Amino acid sequence: MQSNHAKPTSVPSPPQRILVTGGAGFIGTHLCTRLIEAGNEVLCVDNFYTGRRANIAHLLAHPLFEVLRHDICFPLYVEVDQIYNLACPASPIHYQFDPVQTTKVSVHGAINMLGLAKRIKARILQASTSEVYGDPQVSPQREDYWGHVNPIGPRSCYDEGKRCAETLFFDYHRQHKLAIKVARIFNTYGPGMLADDGRVVSNFVVQALRGEPLTLYGDGLQTRSFCYVDDLVEGLIRLMASDEDFTGPVNLGNPFEISMRDLAQTILRLTGSASKLVFMPLPTDDPRQRLPDIELARTKLGWQPSTTLDVGLSRTIAYFDALLAEG
Ligand code: NAD
Ligand code: UDP
């Protein structure tokens with residue numbers, strides 16, 4: 001069953017000065033917008049590797065918003081109350097393009113942001129990932145599952161980088177009493193993705209709208225669970241606002257599992273496209289299944305997704321339709 005509950009709302013809190021690394025990326029843009037709308041001051045730090053200035057164009061003139069071009073592999077000295085650490089390419093084609101840099105941003109970037117948080121006594125949230133479970137041998141995945149990860153494959157720069165970042169977060173917490181929050185984000189989609197992002201939802205939607213074949217990797221029977229970006233951002237904000245003693249890691253994702261074949265058929269139905277399916281080789285170490293157990297998020301954060309796949313995909317299709325019409 002897809003979840004279809006009333007949309008939860010964040011607990012209001014006094015305005016904060018908030019640093020969002022990777023703030024010009026897909027999730028970062030939505031997060032910055034929500035934080036600004038709630039009256040917070042937001043400093044977006046991004047090196048524009050996969051992020052775009054155009055993503056944050058609507059925020060640039062806002063008096064509560066500031067943007068700084070900076071690579072978090074280098075130290076940063078700013079004064080804020082909270083840090084959301086999102087900087088890292090998330091699409092496999094982008095994180096595998098320069099894998100050494102992917103590990104660097106995950107590990108050196110985490111060390112720099114944790115060092116900053118320690119110095120200024122800020123609360124810090126890490127955008128971790130379901131990839132820490134690798135190609136999971138249990139389903140659904142709960143936070144106490146240690147994962148099944150190849151340390152030397154093409155996905156390892158991201159998977160192991162993110163695992164090491166989690167280790168650093170928990171060591172700073174134990175060693176320096178830092179207030180940390182770790183979110184394990186499952187596949188997230190929605191308006192604002194780039195047409196050439198390379199992830200499955202944007203690929204299939206753009207292909208369907210252009211009348212091109214939908215590229216199914218492998219047999220298409222591998223599964224993912226897709227969370228609409230507004231739901232995910234709500235979960236991140238709730239996690240940041242949660243009790244000091246709740247560190248996570250906590251899964252944030254939509255527990256509706258679907259195969260890539262069924263995803264393709266759903267997108268064809270919603271777009272009304274006559275595109276065909278074309279089968280292509282499965283990338284190395286592509287996980288067979290991904291399904292979050294979100295009981296911890298439900299109990300600790302009062303959070304669960306409220307956007308069904310059909311609704312989220314329809315909004316995403318409308319966004320790409322307008323984007324492609326612009327040329
Ligand atoms: P994205 O690629 O759209 O955004 C990442 C942002 O980080 C970009 O703006 C990029 O320019 C910036 N960045 C990269 N390296 C940087 C560096 N060295 N210094 C400063 N900025 C840098 O990805 P996204 O989908 O928005 O993901 C955001 C975060 O959430 C990532 O950490 C990702 O690992 C995590 N996550 C995302 C998903 C998902 O499905 N979208 C799933 C799991 C985890
Ligand atoms: N995939 C696909 N066609 C595409 C892009 C991706 O079949 O054009 C598959 C991919 O092999 C994986 C799933 O879709 O099994 C999700 O891929 P994505 O790159 O979006 O994210 P991942 O969860 O693998 O990091």
Side-chain angles (χ1 to χ4, degrees), residues 20-32 44-53 55-56 67-74 76 84-96 98 101-102 104-106 108-110 112-113 125-132 135 155 158-159 161-162 165 183-190 192-194 197-207 212-229 232-233 236 251-253 258-261 263-264 277-290 292:
V20 180
T21 78
F26 163 54
I27 296 174
T29 305
H30 287 269
L31 178 62
C32 288
C44 163
V45 165
D46 205 296
N47 70 349
F48 298 109
Y49 181 62
T50 49
R52 298 283 176 270
R53 275 184 81 81
N55 291 347
I56 48 170
V67 61
L68 175 66
R69 180 189 283 266
H70 174 80
D71 181 337
I72 65 156
C73 294
F74 299 93
L76 178 68
Y84 287 85
N85 188 36
L86 271 59
C88 183
S91 167
I93 57 163
H94 294 305
Y95 73 64
Q96 291 175 22
D98 186 351
Q101 176 62 17
T102 300
K104 277 189 187 168
V105 66
S106 301
H108 292 200
N112 287 327
M113 291 308 106
L125 182 150
Q126 168 68 355
S128 190
T129 169
S130 52
E131 288 282 320
V132 301
D135 189 4
R155 296 178 81 99
Y158 184 76
D159 301 11
K162 290 284 189 178
R184 290 188 179 152
I185 302 170
F186 282 64
N187 296 62
T188 300
Y189 72 99
M193 299 185 91
L194 300 178
D197 176 277
R199 282 176 277 188
V200 68
V201 171
S202 44
N203 274 9
F204 284 179
V205 170
V206 169
Q207 289 160 348
E212 295 168 358
L214 273 57
T215 51
L216 267 171
Y217 300 163
D219 58 13
L221 297 179
Q222 69 273 33
T223 69
R224 295 293 185 270
S225 304
F226 294 98
C227 188
Y228 188 65
V229 65
L232 189 268
V233 166
L236 293 177
N251 290 338
L252 294 180
I258 186 169
S259 73
M260 296 310 97
R261 268 193 209 194
L263 177 71
L277 305 182
V278 59
F279 289 86
M280 299 177 71
L282 188 70
T284 307
D285 292 340
D286 199 283
R288 285 301 297 170
Q289 57 180 356
R290 264 206 219 121

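Computed from a predicted structure; not experimentally measured. Start at 1 and go down the list; that is how both ligands and their atoms are numbered.
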Checklist outcome for this item: Value for CG (L232) from CZ (F26), rounded to nearest 0.5 Å, stands at 8.0 Å
Checklist outcome for this item: Going by the 4.0 angstrom heavy-atom rule, the piece of Y189 near ligand 1 is neither
Checklist entry - If you count the atoms of ligand 1 from 1 in the order shown, which ones are under 4.0 Å from a heavy atom of A24? => result 9 (O)
Checklist entry - Does any N or O in the side chain of R199 come within less than 3.5 Å of the main-chain N or O of N187, such that one atom is a donor and the other an acceptor? => result no
Item to check | For Q101, atoms of ligand 1 separated by under 4.0 Å from a heavy atom | outcome: 18 (N)
Item to check | Mode of N187 contact toward ligand 2 - side chain, backbone, both, neither (heavy atoms, under 4.0 Å) | outcome: side chain
Next on the checklist: Just to confirm my output: which protein heavy-atom neighbour is closest to atom 13 (N) of ligand 1, and how far is it?
Outcome noted: N47 OD1, 3.3 Å
Checklist entry - Which protein heavy atom lies closest to atom 33 (C) of ligand 1, and at what distance to 0.1 Å? => result Y158 OH, 3.5 Å
Next on the checklist: Using a 4.0 Å heavy-atom cut-off, which part of R199 comes near ligand 1: side chain, backbone, both, or neither?
Outcome noted: side chain
Checklist entry - Looking only at heavy atoms of R184, does any of them come nearer than 4.0 Å to an atom of ligand 1? => result no
Checklist entry - Short list, please: which atoms of ligand 2 are under 4.0 Å from a heavy atom of N203? => result 4 (C), 5 (C), 8 (O)
Item to check | Protein contact to atom 30 (O) of ligand 1 [nearest heavy atom, distance to 0.1 Å] | outcome: A127 CB, 3.7 Å
Item to check | Atoms in ligand 2 with a heavy atom of Q222 nearer than 4.0 Å | outcome: 9 (C), 11 (O), 15 (O)
Item to check | Contact check: A87 vs ligand 1, nitrogen or oxygen atoms, below 3.5 angstrom | outcome: no
Checklist entry - Which one of V105, T129, I72 satisfies the side chain to side chain contact (heavy atoms under 4.5 Å, CB included) criterion with C88? => result V105
Checklist entry - Nearest to atom 44 (C) of ligand 1, what protein heavy atom do you find, and at what distance? => result S128 O, 3.4 Å
Next on the checklist: Using a 4.0 Å cutoff against the non-hydrogen atoms of L216, which atoms of ligand 2 qualify?
Outcome noted: 7 (O)
Item to check | Sidechain-backbone polar pair: Q207 side chain, T215 backbone, donor-acceptor under 3.5 Å | outcome: yes
Next on the checklist: Once you restrict to heavy atoms under 4.0 Å, what part of M260 touches ligand 2? Side chain, backbone, both or neither.
Outcome noted: side chain
Checklist entry - Mind checking whether H94 has a heavy atom under 4.0 Å from ligand 1? => result no
Next on the checklist: Test your reading of the model: is there a side-chain donor-acceptor pair from H70 to the backbone of F74, 3.5 Å cut-off?
Outcome noted: yes
Checklist entry - Got a second to check how far R184's CZ is from S130's OG, nearest 0.5 Å? => result 10.0 Å
Item to check | Minimum-distance protein heavy atom relative to atom 43 (C) of ligand 1 | outcome: I185 O, 3.0 Å
Checklist entry - Counting heavy atoms only, which part of R224 comes closer than 4.0 Å to ligand 2: side chain, backbone, both or neither? => result side chain
Next on the checklist: Quick test: of every protein heavy atom, which one is nearest to atom 29 (C) of ligand 1, and how far off is it to 0.1 Å?
Outcome noted: L86 O, 3.3 Å
Item to check | Spacing of M113 atom CE and L86 atom CG [to the nearest 0.5 Å] | outcome: 12.5 Å
Item to check | Distance, nearest 0.5 Å, that separates NZ of K104 from CG of D98 | outcome: 8.0 Å
Checklist outcome for this item: Note: ligand 1 atoms sitting under 4.0 Å from heavy atoms of F48 are 11 (O)
Checklist entry - What residue and heavy atom of the protein are closest to atom 3 (O) of ligand 1, and at what distance? => result F26 N, 2.9 Å
Checklist entry - For the side chain of K162 and the backbone of A127, is there at least one donor-acceptor N/O pair under 3.5 Å apart? => result yes
Checklist entry - Starting from atom 11 (O) of ligand 1, which protein heavy atom do you reach first, and at what distance in Å? => result D46 OD1, 2.6 Å
Checklist entry - Counting from 1, what ligand 2 atoms have a heavy atom of P92 closer than 4.0 Å? => result 19 (O), 25 (O)
Checklist entry - Within the distance-only criterion (no hydrogens, no angle test), does the side chain of S259 pair as donor or acceptor with the backbone N or O of T223 below 3.5 angstrom? => result no
Checklist entry - Are any of the N/O atoms in V105 less than 3.5 Å from those in ligand 1? => result no
Item to check | Side chain S202, main chain M193, donor-acceptor under 3.5 Å | outcome: no
Checklist entry - Can P89 be said to touch ligand 1, with heavy atoms closer than 4.0 Å? => result yes
Next on the checklist: Just to check, does T21 reach to within less than 4.0 Å of ligand 1 when the distance is taken from its heavy atoms?
Outcome noted: no
Checklist entry - Going by the order shown, which atoms of ligand 1 are within less than 4.0 Å of some heavy atom of H70? => result 19 (N), 20 (C)
Checklist entry - Would you find a donor on one side and an acceptor on the other, under 3.5 Å apart, between the side chain of D285 and the backbone of R155? => result no
Next on the checklist: Side chain or backbone, does Y49 bring an N or O within less than 3.5 Å of an N or O on ligand 1?
Outcome noted: yes
Item to check | Residue portion contacting ligand 2 (non-hydrogen atoms closer than 4.0 Å) for T215 | outcome: both
Checklist entry - Would R261 and L221 count as a side chain to side chain contact (heavy atoms under 4.5 Å, CB included) if you check the C-alpha gap in whole Å, the side-chain angles of each, and the deciding distance to 0.1 Å? => result CA-CA 6 Å; R261 268 193 209 194; L221 297 179; 4.0 Å; yes
Next on the checklist: Under 4.0 Å, counting heavy atoms only: does Y95 come that close to any atom of ligand 1?
Outcome noted: no
Next on the checklist: Could you check whether any heavy atom of R52 sits closer than 4.0 Å to an atom of ligand 1, since that is the contact criterion I want to use?
Outcome noted: no
Item to check | T50, D197, L194 screened by side chain to side chain contact (heavy atoms under 4.5 Å, CB included) with S91, the one that passes | outcome: D197
Checklist entry - Is N187 close to ligand 1, meaning an N/O of one under 3.5 Å from an N/O of the other? => result no
Checklist entry - Between R288 and D219, does a salt bridge (charged side-chain N to carboxylate O under 4.0 Å, His left out) hold up when you go through it step by step? => result CA-CA 11 Å; R288 285 301 297 170; D219 58 13; 3.6 Å; yes
Checklist outcome for this item: For G22, the ligand 1 atoms with a heavy-atom partner under 4.0 Å come out as 6 (C), 7 (O), 9 (O), 12 (C)
Checklist entry - Are the side chain of D286 and the backbone N or O of L282 linked by a donor-acceptor pair below 3.5 Å? => result no
Next on the checklist: With rounding to the nearest 0.5 angstrom, report the CE to CG distance, M280 to L216.
Outcome noted: 10.0 Å
Checklist entry - So which protein heavy atom does atom 1 (N) of ligand 2 come closest to, and at what separation? => result Y217 CD1, 3.4 Å
Next on the checklist: Using a 3.5 Å cut-off on N or O atoms only, is I27 in polar contact with ligand 1?
Outcome noted: yes
Checklist entry - Would a distance-only check, ignoring hydrogens and angles, find a side-chain to backbone donor-acceptor pair under 3.5 Å from D159 to V132? => result no
Next on the checklist: Can you check which of I72, N85, T50, L236 brings a heavy atom nearest to atom 1 (P) of ligand 1?
Outcome noted: T50
Next on the checklist: For the 3.5 Å polar cut-off, considering only N or O atoms, please tell me whether V200 and ligand 2 meet it.
Outcome noted: yes
Checklist outcome for this item: In this structure, OG1 of T21 is separated from CG of D46 (nearest 0.5 Å) by 8.0 Å
Next on the checklist: Quick check: C73 and ligand 1, any N/O pair under 3.5 Å apart?
Outcome noted: no
Checklist entry - Counting both backbone and side chain atoms, is some N or O of D286 under 3.5 Å from an N or O of ligand 2? => result yes
Checklist entry - Which one holds for R155 and ligand 2: side chain close, backbone close, both close, or neither close, with close meaning a heavy atom under 4.0 Å? => result side chain
